[in-house]
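Counting from 1, the numbers follow the sequence of the chain as shown.
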Amino acid sequence: QVQLVESGGGLVQAGGSLRLSCAASARTFSMYTMAWFRQAPGKEREFVAAINWVGNTYYADSTKGRFTISRGSAQNTVYLQMNSLKPEDTAVYYCAARRGPNTSRIDLYHYWGQGTQVTVSS
């Protein structure tokens, strides 16, 4: 069983930055892709970014160029550096993991964290 715990959310003004972290408990994270999704009030959960076990990244068009996903040296942590934040980035951000390649398909991720709130004020 894999458990994911997110941290780093909060309130920030438009144009500011935040860094989210996700720590995964697992004996080995070989061959796992880790990703971030987000869900705004009244909207469906959507893909933000993903990174596979060799460091290949994949971004949603809405976050490309502003957000950066990375993995820690221990491989069982993932970060999301968010710059130039906009009010429309306000959402609960979820960390997710799957054993397999990068994908934006939400139904292919097997493990989920509880989420961390990010609020961007205008």
Listed partners of Val120 passing side chain to side chain contact (heavy atoms under 4.5 Å, CB included), at least two apart: Val12, Ala14, Leu85, Pro87, Asp89, Thr90, Val118
Sub-4.5 Å side-chain heavy-atom contact between Ile106 and Trp112: yes
Approximate separation, where rounding is to 0.5 Å, of Leu18 CG and Met82 CE: 4.5 Å
Tyr32 and Tyr111 aromatic ring geometry - parallel, tilted or perpendicular at 30°/60° bounds: tilted
Results of side-chain hydrogen bond (donor to acceptor under 3.5 Å, both in side chains) for Asn52 - residues two or more places apart only: none
Residue pair Tyr79 / Thr77, side-chain heavy-atom distance below 4.5 Å: yes
Sub-4.5 Å side-chain heavy-atom contact between Gln114 and Val92: no
Donor-acceptor under 3.5 Å (Asn56 side chain, Ile51 main chain): no
Pair listing, side-chain hydrogen bond (donor to acceptor under 3.5 Å, both in side chains) test, anchored in residues 3-19, at least two apart: Ser17-Asn83
Cation-pi geometry met for Arg71 and Trp53 (6.0 Å, 45°): no
Those residues that, when tested against Lys86, pass salt bridge (charged side-chain N to carboxylate O under 4.0 Å, His left out) (two or more places apart): none
Nearest-0.5 Å distance that lies between atom CZ in Phe67 and atom CG in Leu20: 8.0 Å
Sequence-distant partners of Glu88, side-chain hydrogen bond (donor to acceptor under 3.5 Å, both in side chains), two or more places apart: none
Remaining members of hydrophobic cluster (4.5 Å side-chain criterion), Leu108: none
Minimum heavy-atom distance Leu4-Ala24, with the two atoms named: CD2-CB, 3.4 Å
Value rounded to 0.5 Å, distance of CD in Gln81 from CZ in Arg66: 12.0 Å
Tyr109 side-chain N/O to Thr103 backbone N/O, donor-acceptor pair under 3.5 Å: yes
Contact check, side chains of Cys95 and Trp36, non-hydrogen atoms, under 4.5 Å: yes
Glu46 side, atom CD; Glu44 side, atom CD - distance, nearest 0.5 Å: 10.0 Å
same_hphob_cluster(Val78, Val48) at 4.5 Å side-chain heavy-atom cutoff: yes
Ring-face cation contact, Phe47 with Arg105, 6.0 Å cut, 45° max: no
Gap separating the CE atom of Met34 from the CG atom of Asn102, nearest 0.5 angstrom: 12.0 Å
Side-chain (Arg45) to main-chain (Arg38) donor-acceptor, under 3.5 angstrom: no
